[in-house]
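Down below is the structure, laid out as structure tokens.
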Amino acid sequence: MAQKRKKAGTRLTGRIVLPGDRSYNAARMEFNRRFSKFPRVIVFCRRTQDVINAVKWARERGVRLRARSGRHSYEAFSAVNGGIIIDVSEMNKVKVDRKKMVAHVQSGNPLARVYRKLWNERVALPAGTAPDVGVAGLTTGGGIGLLSRKYGLTCDNLKQVKMVVASGRRGAKTIVANKKKHSNLLWASQGGGGGNFGIATDFTFRVHPIQDVSIYSITWKWSDLEKVFPTWQRWAPSVTNRLTSTIEVAAKQVGTIVSTGQLLGGAKELRRLIRPLLQAGTPVKVMVRTVPFIEATRFFAAADLNLEPKFKITGAFGFKPLPRQGVRIIRKFLSKAPNRHSTVWSQSLGGAGSAVSRISPIATAYPHRKAETIYELSARWRNDSEQQRSIQWVKRFRRALRPFVVGDYVNFPDLQIKNWPEAYYGVNFARLKQVKRKYDPHNVFRFAQSIPVGKKRAK
Ligand SMILES: Cc1cc2nc3c(=O)[nH]c(=O)nc-3n(C[C@H](O)[C@H](O)[C@H](O)COP(=O)(O)OP(=O)(O)OC[C@H]3O[C@@H](n4cnc5c(N)ncnc54)[C@H](O)[C@@H]3O)c2cc1C
């Protein structure tokens, strides 16, 4: 009898979607349509208690679980066949305390909403560009964006996280991690990667005053690649930390190179600062203007809209500019790209007084502090007939660039990377395993590239 009562166990609460429900198909899909997984249930949590119940429910039944916020995982780590998806996207309150210059942000917020709510108080959190990326995945993996060089990564501004973790053999509980309590868990939530330790429900971030910013965009023809790319690589990490910039080289059939950036300063200063870029090759289109910060977020978000639905992306860090041979590799691969949607993208991160580089590689779980730039090699497609070739192209491209770049960003995960612990975490992997052992000894939060519990697995 007692056994039976135990089995009835915890009930799921929140908005529950099951196979057969009308909304099931929309509810199960990831942003990357390369994946199509069929969970046994999806629960849209509205309160922390819904998250606790869902974790308990899964543990009592031995059902695999995944945390989900914005669904933007490149390798669909937030979806699972036959398991439960614990979705926090309906937990999306934002509260700004302008006196203390902090924002309380629930973990289900997409970035556009965070930017907007913070803008109402004329403050900003350095975060990513895509409007519908979730703040949870972004923060726990790092969080790079157009304010990074001045204000650091999103995770560098994280003061506190509230998380539902597994407890005992079948339970779940909430803990609050900050510098004073559970400081190891706070550390691990600053770049250790989403989904590894528990389900974050609430973040407290340091925020920064913001008003107008200046933005630029410069377009060149592809034939300028050898002039523009090396110039940008030398310039971007050496310019003032108030300026963060990107460069994207499109497939040869598109034939463009575009650099964009944002300055905390005026248009006149920005025009002066981008002079070295304007003198490289022959720009065919130049835009410089001063806009309210919220408008700048929309400008950068545009690059992440209307993309092909399926993709394979890999990332890497540049600790120094690519030599000529590296640029030749970019030319070679983009000359034979699988289609017109393949690109190489890079963003400045470190260098001259950058807030990212000022932090020690072991101060947070994000170790790539001394990198000057980050790269993405991307293939996107719609038709399945293009899939195999596109994935192979990314794989070969990554291999060819290996001598010149280092590691990968855990928020650009790539299942093809065999030594992913080293690539994502470097020196911090050992400590991450210790944190895992403490907060998730039964390995409840696991997926293809989750941090392992290791040898001293708790009973
Ligand atoms: C179009 C696009 C643009 C991007 N732009 C940027 C950018 O500008 N800067 C940048 O740094 N990155 C960027 N990224 C990468 C992005 O940071 C990662 O994909 C990130 O993991 C997405 O988080 P999510 O919450 O949307 O995804 P999800 O798929 O929901 O989650 C990602 C991971 O976090 C876990 N997770 C989700 N919610 C929680 C939670 N509440 N608690 C604990 N773990 C959780 C999941 O289980 C999964 O492992 C971009 C990605 C895309 C697809």
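As the structure lists them, so they are numbered: ligands from 1, and atoms in each ligand from 1.
- Test Gln253, Arg380, Glu308 against Arg340 for side-chain contact (heavy atoms from CB on, under 4.5 Å) and you get one pass: Gln253.
- To the nearest 0.5 angstrom, Met163 atom CE is 10.0 Å from Tyr439 atom OH.
- Under the 4.0 Å criterion applied to side-chain N and carboxylate O atoms, Asp414 and Lys312 are assigned as salt-bridge partners.
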Pairs of nitrogen or oxygen atoms, one from ligand 1 and one from the protein, closer than 3.5 Å: please tabulate them with distances.
{"from": "ligand 1", "atom 1": "8 (O)", "to": "Thr129", "atom 2": "N", "distance (Å)": "2.9"}
{"from": "ligand 1", "atom 1": "8 (O)", "to": "Thr129", "atom 2": "OG1", "distance (Å)": "3.1"}
{"from": "ligand 1", "atom 1": "9 (N)", "to": "Ile144", "atom 2": "O", "distance (Å)": "2.8"}
{"from": "ligand 1", "atom 1": "11 (O)", "to": "Ile144", "atom 2": "N", "distance (Å)": "2.9"}
{"from": "ligand 1", "atom 1": "11 (O)", "to": "Tyr409", "atom 2": "OH", "distance (Å)": "2.6"}
{"from": "ligand 1", "atom 1": "17 (O)", "to": "Asn411", "atom 2": "ND2", "distance (Å)": "3.2"}
{"from": "ligand 1", "atom 1": "19 (O)", "to": "His72", "atom 2": "O", "distance (Å)": "2.9"}
{"from": "ligand 1", "atom 1": "21 (O)", "to": "Asn411", "atom 2": "OD1", "distance (Å)": "3.3"}
{"from": "ligand 1", "atom 1": "25 (O)", "to": "Gly70", "atom 2": "N", "distance (Å)": "3.0"}
{"from": "ligand 1", "atom 1": "25 (O)", "to": "Gly137", "atom 2": "N", "distance (Å)": "3.2"}
{"from": "ligand 1", "atom 1": "26 (O)", "to": "Gly70", "atom 2": "N", "distance (Å)": "3.4"}
{"from": "ligand 1", "atom 1": "26 (O)", "to": "His72", "atom 2": "N", "distance (Å)": "3.3"}
{"from": "ligand 1", "atom 1": "26 (O)", "to": "Gly134", "atom 2": "N", "distance (Å)": "2.8"}
{"from": "ligand 1", "atom 1": "27 (O)", "to": "Arg71", "atom 2": "N", "distance (Å)": "3.4"}
{"from": "ligand 1", "atom 1": "27 (O)", "to": "His72", "atom 2": "N", "distance (Å)": "3.0"}
{"from": "ligand 1", "atom 1": "29 (O)", "to": "His72", "atom 2": "N", "distance (Å)": "3.2"}
{"from": "ligand 1", "atom 1": "29 (O)", "to": "Ser73", "atom 2": "N", "distance (Å)": "2.9"}
{"from": "ligand 1", "atom 1": "29 (O)", "to": "Ser78", "atom 2": "OG", "distance (Å)": "2.6"}
{"from": "ligand 1", "atom 1": "30 (O)", "to": "Ser69", "atom 2": "N", "distance (Å)": "2.8"}
{"from": "ligand 1", "atom 1": "30 (O)", "to": "Gly70", "atom 2": "N", "distance (Å)": "3.2"}
{"from": "ligand 1", "atom 1": "30 (O)", "to": "Arg71", "atom 2": "N", "distance (Å)": "2.9"}
{"from": "ligand 1", "atom 1": "38 (N)", "to": "Ser69", "atom 2": "N", "distance (Å)": "3.4"}
{"from": "ligand 1", "atom 1": "41 (N)", "to": "Ala200", "atom 2": "O", "distance (Å)": "2.9"}
{"from": "ligand 1", "atom 1": "42 (N)", "to": "Ala200", "atom 2": "N", "distance (Å)": "2.8"}
{"from": "ligand 1", "atom 1": "44 (N)", "to": "Gly195", "atom 2": "N", "distance (Å)": "2.9"}
{"from": "ligand 1", "atom 1": "47 (O)", "to": "Ala67", "atom 2": "O", "distance (Å)": "2.6"}
{"from": "ligand 1", "atom 1": "49 (O)", "to": "Gly194", "atom 2": "O", "distance (Å)": "3.4"}

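- Atom NZ of Lys310 has more than 12 neighbouring heavy atoms from other residues, nucleotides or ligands inside a 6.0 Å radius.
- When side chains are defined from C-beta on, Val41 does not count as touching Val17, because their heavy atoms never get closer than 4.5 Å.
- Of the possible donor and acceptor atoms, one in the side chain of Thr154 sits under 3.5 Å from a partner among the backbone N and O of Pro126.
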